[in-house]
Trainee: 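Below is one structure. I have some questions about it.
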Amino acid sequence: MSEDELYPLLKAYEGRSASASGIGKDLVNEPMIRHWCEVMGDRNPAYGGPDAIAPPTMLQAWTMGGLSGHTGRTGAHDELFALLDGAGFAAVVATDCEQEYRLPLRPGHRITFDSVIETVSPRKTTKLGAGYFVTTRMDIRAGGEPAGTHRFRILKYAPAAGRRPAPRRPRPVVNRDNAGFWEGVAEHRLLIQRCASCAQLRFPWLPGCGACGSPDWDTVEAGGEGTVYSYVVMHHPPFPAFAGSEGGREGAGPYAVGLIELAEGVRMVSNVIGVPYDKVRIGMPVRLEFFRADEDLELPVFRALAAGAG
């Protein structure tokens with residue numbers, strides 16, 4: 001089917017429901033807010049106390065269905081994907097997500113939401129192959145009032161003719177708020193944001209200070225020393241994109257992912273290398289290195305400095 005024939009059929013799905021309306025399985029609540037803030041290292045006083053609000057970036061957390069899930073997708077969603085699959089655009093890759101915040105969420109709020117197919121792009125040519133970007137929009141309400149939106153975008157594509165694309169390590173999401181961090185990584189520098197008003201250091205990068213609210217900031221370069229604050233061990237089937245990396249032989253794992261507390265006081269998530277995954281321990285000293293995943297991607301990782309680490 002030609003592009004001129006296919007695209008009008010795809011575009012007709014814009015505005016149709018992508019999933020049945022849902023209700024959050026839990027009210028907005030203090031324990032989930034506390035756990036989120038502890039994991040993220042966010043000490044903003046607005047997220048605790050009698051007038052607490054939830055961190056805005058928790059927006060999607062209140063809509064998640066857990067292992068038991070929510071009610072399923074609509075017929076329109078499945079029809080759209082079947083149409084793309086039937087036309088040869090059967091491969092899929094997630095590309096990005098966007099959130100907008102309209103209402104502070106507070107403990108006790110009941111969350112409701114629904115999802116629509118917002119846009120289907122004209123056919124685009126990418127390195128992976130030609131395809132269509134499909135954006136779904138989730139509208140989230142608290143007590144019936146609009147609270148925010150969550151947009152999720154994927155590319156449905158046909159792999160480039162004549163070859164199967166080599167699997168690539170998933171790309172980090174780079175946007176206007178964190179581009180400076182990744183530019184620093186490309187120069188083998190680990191940059192931490194510093195509020196220009198109160199000098200509070202923050203990581204990950206954010207558009208404003210969580211302590212005083214100032215939008216102005218500069219950066220400091222981390223010295224590279226840190227300790228393992230917490231960690232998990234990842235187990236997954238072999239995945240060629242991780243072969244030859246810190247992910248283990250043939251990219252199969254298992255491997256340790258640590259929450260690293262830098263000497264500067266902020267925390268970040270990264271792989272712990274140089275020691276068997278089952279030897280990683282809380283409090284273990286580590287040092288920053290840069291790992292080249294492929295020709296255009298480098299990542300900060302941390303090498304264990306414990307006695308006997310390789």
Side-chain angles (χ1 to χ4, degrees), residues 13-66 69-71 73-74 76-77 94-121 133-154 173-179 181 193 195 197-198 200 202-217:
Y13 285 89
E14 292 184 348
R16 298 181 63 179
S17 294
S19 65
S21 297
I23 301 175
K25 291 196 170 183
D26 298 284
L27 298 176
V28 176
N29 62 83
E30 293 175 356
M32 287 178 66
I33 294 172
R34 185 179 70 253
H35 295 324
W36 175 283
C37 290
E38 288 179 354
V39 169
M40 300 302 294
D42 193 336
R43 301 178 179 87
N44 191 320
Y47 306 145
D51 297 320
I53 64 172
T57 48
M58 286 188 75
L59 183 68
Q60 190 189 18
W62 311 110
T63 71
M64 292 181 174
H70 284 296
T71 52
R73 297 188 298 264
T74 62
H77 180 283
T95 60
D96 60 286
C97 66
E98 302 172 359
Q99 290 186 340
E100 298 176 4
Y101 313 116
R102 301 183 61 182
L103 179 72
L105 300 182
R106 301 181 183 277
H109 271 149
R110 170 65 71 188
I111 300 302
T112 57
F113 54 92
D114 50 51
S115 182
V116 300
I117 302 165
E118 185 171 56
T119 59
V120 182
S121 76
F133 289 92
V134 179
T135 303
T136 55
R137 187 191 75 241
M138 179 180 288
D139 295 308
I140 300 166
R141 296 170 295 279
E145 296 294 325
T149 59
H150 176 85
R151 289 179 173 85
F152 185 68
R153 189 171 295 110
I154 64 169
V173 175
V174 180
N175 55 40
R176 63 184 180 182
D177 292 328
N178 67 9
F181 169 77
Q193 278 184 312
C195 177
S197 179
C198 70
Q200 177 81 28
R202 62 180 185 261
F203 194 92
W205 282 36
L206 296 169
C209 179
C212 73
S214 172
D216 300 319
W217 54 271

Trainee: Can you name the side chain to side chain contact (heavy atoms under 4.5 Å, CB included) partners of Arg102, sequence neighbours left out?
Mentor: Pro146
Trainee: Flag the pair Arg202 / Cys195 as yes when at least one side-chain heavy-atom distance between them is below 4.5 Å, and no otherwise.
Mentor: yes
Trainee: What residues form a side chain to side chain contact (heavy atoms under 4.5 Å, CB included) with Thr149, not counting sequence neighbours?
Mentor: Glu100, Arg137, Asp139, Arg151
Trainee: Is there a donor-acceptor contact under 3.5 Å from the side chain of Gln193 to the main chain of Leu206?
Mentor: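 Such a contact is found between Gln193 side chain and Leu206 backbone.
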Trainee: Show your working on side-chain contact (heavy atoms from CB on, under 4.5 Å) between Cys198 and Cys209 and close with a plain yes or no.
Mentor: CA-CA 9 Å; Cys198 70; Cys209 179; 3.7 Å; yes
Trainee: Side chain of Arg16, backbone of His77: donor and acceptor closer than 3.5 Å?
Mentor: no
Trainee: For Glu30 and Pro107, which heavy atoms make the closest approach, and how far apart are they?
Mentor: CG-CG, 3.8 Å
Trainee: Closest heavy-atom contact between Thr95 and Phe133?
Mentor: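 The answer is CG2-CE2, 3.7 Å.
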Trainee: Applying side chain to side chain donor-acceptor pair (under 3.5 Å), name anything that partners Thr136, two or more places apart in sequence or on another chain.
Mentor: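 Per chain and number, Thr136 pairs via side chain to side chain donor-acceptor pair (under 3.5 Å) with no residue.
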Trainee: So which atom in Pro104 and which in His109 form the shortest heavy-atom distance, rounded to 0.1 Å?
Mentor: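 Smallest interatomic distance, heavy atoms only, reads O-CE1, 3.6 Å.
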Trainee: Does Asp96 have any side chain to side chain donor-acceptor pair (under 3.5 Å) partners at least two apart in sequence or in another chain, and if so, which?
Mentor: Arg153
Trainee: What residues, two or more places apart in sequence or in another chain, satisfy side chain to side chain contact (heavy atoms under 4.5 Å, CB included) together with Cys97?
Mentor: His150, Phe152
Trainee: Quick one: closest heavy-atom pair of Gly108 and Leu27, and the distance?
Mentor: O-CD2, 3.8 Å
Trainee: Under the side chain to side chain donor-acceptor pair (under 3.5 Å) test, which residues partner Tyr47, sequence neighbours left out?
Mentor: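 Tyr47: no side chain to side chain donor-acceptor pair (under 3.5 Å) contacts found.
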Trainee: Tell me the closest heavy-atom pair linking Glu14 and Val120, and the distance in Å.
Mentor: OE2-N, 2.8 Å
Trainee: Only counting residues at least two apart or in another chain, list the ones meeting side chain to side chain donor-acceptor pair (under 3.5 Å) with Arg141.
Mentor: Thr112, Asp114
Trainee: Of the non-hydrogen atoms in Leu103 and Ala142, which two are nearest, and what is the gap between them?
Mentor: CD2-CB, 3.9 Å
Trainee: To the nearest 0.5 Å, what is the distance between OG1 on Thr135 and CD on Glu98?
Mentor: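 Going from OG1 on Thr135 over to CD on Glu98, the span is 7.5 Å.
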Trainee: Are the side chains of Trp62 and Leu105 in touch, meaning some heavy atoms are under 4.5 Å apart?
Mentor: yes
Trainee: Report the distance from atom CD1 of Ile111 to atom CD1 of Ile140, rounding to the nearest 0.5 Å.
Mentor: 7.5 Å
Trainee: Without placing hydrogens or testing angles, list every side-chain donor-acceptor pair under 3.5 Å for residues 33-43, not counting sequence neighbours.
Mentor:
residue, atom, partner, partner atom, Å
Asp42, OD1, Asn44, N, 3.0

Trainee: I'd like to know if the side chain of Asn29 and the backbone of Met32 have a donor-acceptor N/O pair within less than 3.5 Å.
Mentor: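 Yes, Asn29 side chain to Met32 backbone: donor-acceptor pair under 3.5 Å.
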Trainee: Run the side-chain donor-acceptor check on residues 49-61: report pairs under 3.5 Å with partners two or more places apart or on a different chain.
Mentor:
none

Trainee: Looking at residues at least two apart in the chain, or sitting in another chain, which of them share a salt bridge (Lys or Arg N to Asp or Glu O under 4.0 Å) with Asp177?
Mentor: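 Here no residue qualifies.
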